[in-house]
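Following: one structure in structure tokens, then a few remarks.
First the proteins, then the strands, lettered A, B, ... as listed; each starts at 1.
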Number of protein chains: 2
Amino acid sequence: MKIHAKNLFGKIYQIDFLNYFYPTMDTHKELEDFIVNGSKTYIPHISLDCAIFGYHDHQLKILISMLKGLDGFCLPGGYIKRTETLDEAAGRIVKERSAITGLYLQQYKTFGDPDRVKWSDLDTEKLMKLPGFKKLKNSWLMDQTISIGYYAITDFSLVKPQPDFMSVSCAWFDIEKMPDLLFDHNQMVSEALQTLRLQLYYYPIAGKLLPKKFTLTEIHAVYETLLNKRLDIRNFPKKLIFLGLINKLNEKRNIGPHRAPFLYTFNNRKYKKALELGIDLS
Amino acid sequence: MKIHAKNLFGKIYQIDFLNYFYPTMDTHKELEDFIVNGSKTYIPHISLDCAIFGYHDHQLKILISMLKGLDGFCLPGGYIKRTETLDEAAGRIVKERSAITGLYLQQYKTFGDPDRVKWSDLDTEKLMKLPGFKKLKNSWLMDQTISIGYYAITDFSLVKPQPDFMSVSCAWFDIEKMPDLLFDHNQMVSEALQTLRLQLYYYPIAGKLLPKKFTLTEIHAVYETLLNKRLDIRNFPKKLIFLGLINKLNEKRNIGPHRAPFLYTFNNRKYKKALELGIDLS
DNA sequence: TGTCTATCTGGTAAATTTTACCAAATGAAG
DNA sequence: CTTCATTTGGTAAAATTTACCAGATAGACA
């Protein structure tokens with residue numbers, strides 16, 4: 001499935017969408033029920049959007065979804081159930097939109113500008129002609145909404161996003177090639193990335209991006225890619241060791257015609273403590 | 001006006017409320033209109049609560065209000081107008097509840113646990129017998145609400161809080177003697193203070209707490225009180241000077257029978273830049 | 001089996017920052 | 001003019017960060 005998209009600078013280019021979703025009758029029913037009765041289950045006027053970053057082998061990507069009926073891209077998002085906490089809602093929403101589970105999701109900011117949703121981005125008349133959408137007008141979904149922003153980071157090679165009944169598709173984009181997003185979602189991504197980079201210095205969230213056993217070069221690359229800056233190849237890993245955050249193993253990895261590097265693991269006790277209390281890696 | 005309150009450890013003690021507010025007929029009308037028609041002006045399901053810290057002369061206080069009809073204390077809070085940004089709403093709400101203006105308000109977290117408002121804290125039957133409250137039941141105010149937390153810091157000696165038509169009273173409390181608050185407001189205060197202390201290292205928000213011209217001892221005391229820890233009396237001010245954040249003046253202040261200290265001012269350019277970009281004071 | 005190459009890693013010197021704290025300067029009171 | 005509490009210039013020691021050299025190493029290849 002090929003889709004034309006434009007990036008932040010207005011340039012149009014083609015995207016290959018692997019996870020295109022073909023709606024069925026069942027999903028139309030589900031959608032209509034959501035539009036008509038959703039406000040019994042969900043709290044109106046508040047949504048929750050997640051900026052999910054994916055790292056693998058020097059690349060930083062972001063999970064973007066395309067919602068049914070919307071001509072454009074946005075962050076995977078949804079509404080909060082009346083019975084769940086915000087953190088629970090974030091986890092459920094990501095799971096529903098993308099089938100990704102087990103993320104370490106972090107609330108970072110709530111967005112509430114009155115013009116954050118440009119209604120000109122939405123063609124309600126056109127939408128209502130689509131199956132499942134005919135009762136959209138005057139529904140609870142059409143009122144002003146404030147959105148709570150969450151972010152997470154994961155290894156994108158390990159998770160294949162799968163769209164659900166609300167999403168047409170869902171895929172990883174190179175952070176540099178992210179298309180222009182609807183509403184205020186460009187700003188959400190930019191502020192999420194800023195927060196991620198700050199928190200990286202205090203919380204060892206990079207642990208989520210590496211296999212159980214990894215080399216110093218690998219963890220060094222994670223930090224360089226996420227922060228988008230160079231870190232001294234000797235001093236940075238030494239600091240991690242000095243802080244006791246990682247432990248050297250008595251194993252090596254075969255990397256072809258070069259010296260085999262030692263493997264390391266996170267020191268689980270220190271790692272968990274640092275996730276809670278923070279630590280200074282700067 | 002004396003009020004009995006209990007602190008976080010359950011101990012009951014007496015509080016002298018200077019700013020007690022005597023409701024008039026007008027305010028009852030205003031209140032009823034707010035209950036019946038408020039959701040036309042305000043976004044339902046979302047409130048905004050402000051933890052306003054006040055510093056003066058080695059003391060740290062917090063602004064607590066008592067809302068009409070509620071038997072207990074809470075943070076000054078309110079609802080967001082459909083036409084304003086969150087930051088604007090925060091400013092307006094503080095102004096309405098306490099008559100304080102010009103604060104540097106900072107969003108820090110959104111609270112949304114389904115049980116954050118303990119309904120047992122509210123006696124609706126009793127409330128509805130109070131003037132202005134009779135249409136409360138089934139109103140937009142009785143549905144589940146998520147709250148956006150803001151904090152600010154100011155010099156409490158310069159501002160006399162004044163309650164409005166929603167508040168019965170409004171006063172500064174010593175942070176150590178803060179009474180137990182309704183709903184999840186204890187947690188809000190604790191997380192606001194934690195954020196304030198963290199941000200203090202990166203943003204020179206203490207500038208809001210000092211007169212135009214101040215001594216090194218004064219700015220040193222501000223930081224020690226806010227952080228609740230000791231900072232070296234020589235090295236800390238020296239760092240501020242080294243960073244160029246403050247400038248020495250050619251004036252001294254008379255402090256009785258001791259050596260007269262020099263006065264300093266904030267370097268406005270550096271100060272504003274640091275407020276925006278951050279700076280490391282740790 | 002020895003050489004080559006690219007990478008990994010122990011180590012260390014230099015630069016910078018932080019910490020600790022001495023002692024002189026000061027201004028008014030007695 | 002002495003006394004006292006406080007302010008402030010200065011500096012030595014400790015700790016941390018930065019820069020980077022050079023030896024170790026594993027497989028490829030002759």
Side-chain angles (χ1 to χ4, degrees), chain A residues 57-58 198 200-202 204 206 210-211 213-225 227 229-267 270 274 278-282, chain B residues 57-58 198 200-202 204 206 210-211 213-225 227 229-267 270 274 278-282:
Chain A
D57 188 22
H58 296 257
L198 246 167
L200 206 54
Y201 285 114
Y202 290 94
L210 292 161
K213 299 171 182 180
F214 51 87
T215 68
L216 294 183
T217 311
E218 283 169 340
I219 195 170
H220 178 242
V222 167
Y223 274 85
E224 280 202 338
T225 307
L227 293 172
K229 75 175 192 190
R230 318 229 60 218
L231 300 166
D232 189 277
I233 194 171
R234 283 307 298 118
N235 297 326
F236 180 76
K238 260 193 297 191
K239 182 155 195 175
L240 296 176
I241 295 166
F242 172 76
L243 290 170
L245 214 56
I246 60 177
N247 293 134
K248 190 173 179 175
L249 298 175
N250 232 335
E251 296 174 61
K252 295 180 179 187
R253 165 172 305 163
N254 191 320
I255 52 155
H258 307 303
R259 175 175 180 177
F262 281 97
L263 289 172
Y264 288 76
T265 51
F266 270 93
N267 175 328
K270 289 245 182 175
I279 204 174
D280 195 348
L281 291 177
S282 58
Chain B
D57 189 22
H58 296 256
L198 246 167
L200 207 53
Y201 285 113
Y202 291 95
L210 291 162
K213 299 172 182 180
F214 51 86
T215 68
L216 294 182
T217 310
E218 284 169 340
I219 195 170
H220 178 243
V222 166
Y223 274 85
E224 280 202 338
T225 306
L227 294 172
K229 77 175 191 189
R230 317 228 60 217
L231 300 166
D232 190 278
I233 195 171
R234 283 308 298 120
N235 297 326
F236 181 75
K238 260 192 298 192
K239 182 155 196 176
L240 295 177
I241 295 165
F242 172 76
L243 290 171
L245 214 57
I246 60 177
N247 293 134
K248 189 174 181 174
L249 297 176
N250 232 334
E251 295 174 61
K252 295 182 177 186
R253 165 173 303 164
N254 191 321
I255 53 157
H258 308 302
R259 176 175 179 178
F262 281 97
L263 289 172
Y264 287 76
T265 50
F266 270 93
N267 176 327
K270 290 245 182 174
I279 202 171
D280 196 346
L281 292 177
S282 60

Heavy-atom check, side chain of [X] versus side chain of [Y], under 4.5 Å:
X	Y	result
A:Tyr264	A:Leu240	no
B:Thr265	B:Ile246	no
B:Ile255	B:Pro261	yes
A:Asn267	A:Leu243	no
A:Phe214	A:Val222	no

Let me know the distance between [atom1] of [X] and [atom2] of [N], rounded to the nearest Å.
X	N	atom1	atom2	result
B:Leu249	D:dT7	CG	C1'	16 Å
A:Phe262	D:dA24	CZ	P	14 Å
B:Lys239	C:dT19	NZ	P	7 Å
A:Leu240	C:dT9	CG	P	13 Å
B:Leu263	D:dT8	CG	P	9 Å
B:Arg253	D:dT7	CZ	P	11 Å
A:Ile233	D:dC21	CD1	P	14 Å

- Item | Protein proximity profile, nucleotides 20-30 of chain C - base contact B, sugar-phosphate-only contact S, no contact -, cut-off 4.0 Å on heavy atoms | BB---BBBBS-
- Calculate, to the nearest 0.5 Å, the distance between atoms CG and CZ belonging to A:Leu249 and A:Phe262 respectively. 10.0 Å
- Task: Kindly compute the distance separating CZ (B:Arg253) from OG1 (B:Thr217), expressed to the nearest 0.5 Å.
- Result: 9.5 Å
- Query: Just to confirm, is there a sub-4.0 Å distance from OP1 or OP2 of C:dC8 to any side-chain nitrogen or oxygen of A:Lys248?
  - Reply: no
- Note on the structure: Of A:Phe242 and A:Ile255, the one whose nearest nucleotide on DNA chain D sits closer to the 5' end is A:Phe242
- Item | Parallel, tilted or perpendicular, as decided by the 30° and 60° cut-offs, for the rings of B:Phe236 and B:His220 | tilted
- Which pairs with one or both residues in residues 229-243 of chain A pass salt bridge (charged side-chain N to carboxylate O under 4.0 Å, His left out), sequence neighbours excluded? A:Glu224-A:Arg230
- Message: Contact list please: residues 213-225 of chain B against DNA chain C, heavy atoms, distance less than 4.0 Å, in numerical order.
- Response: none
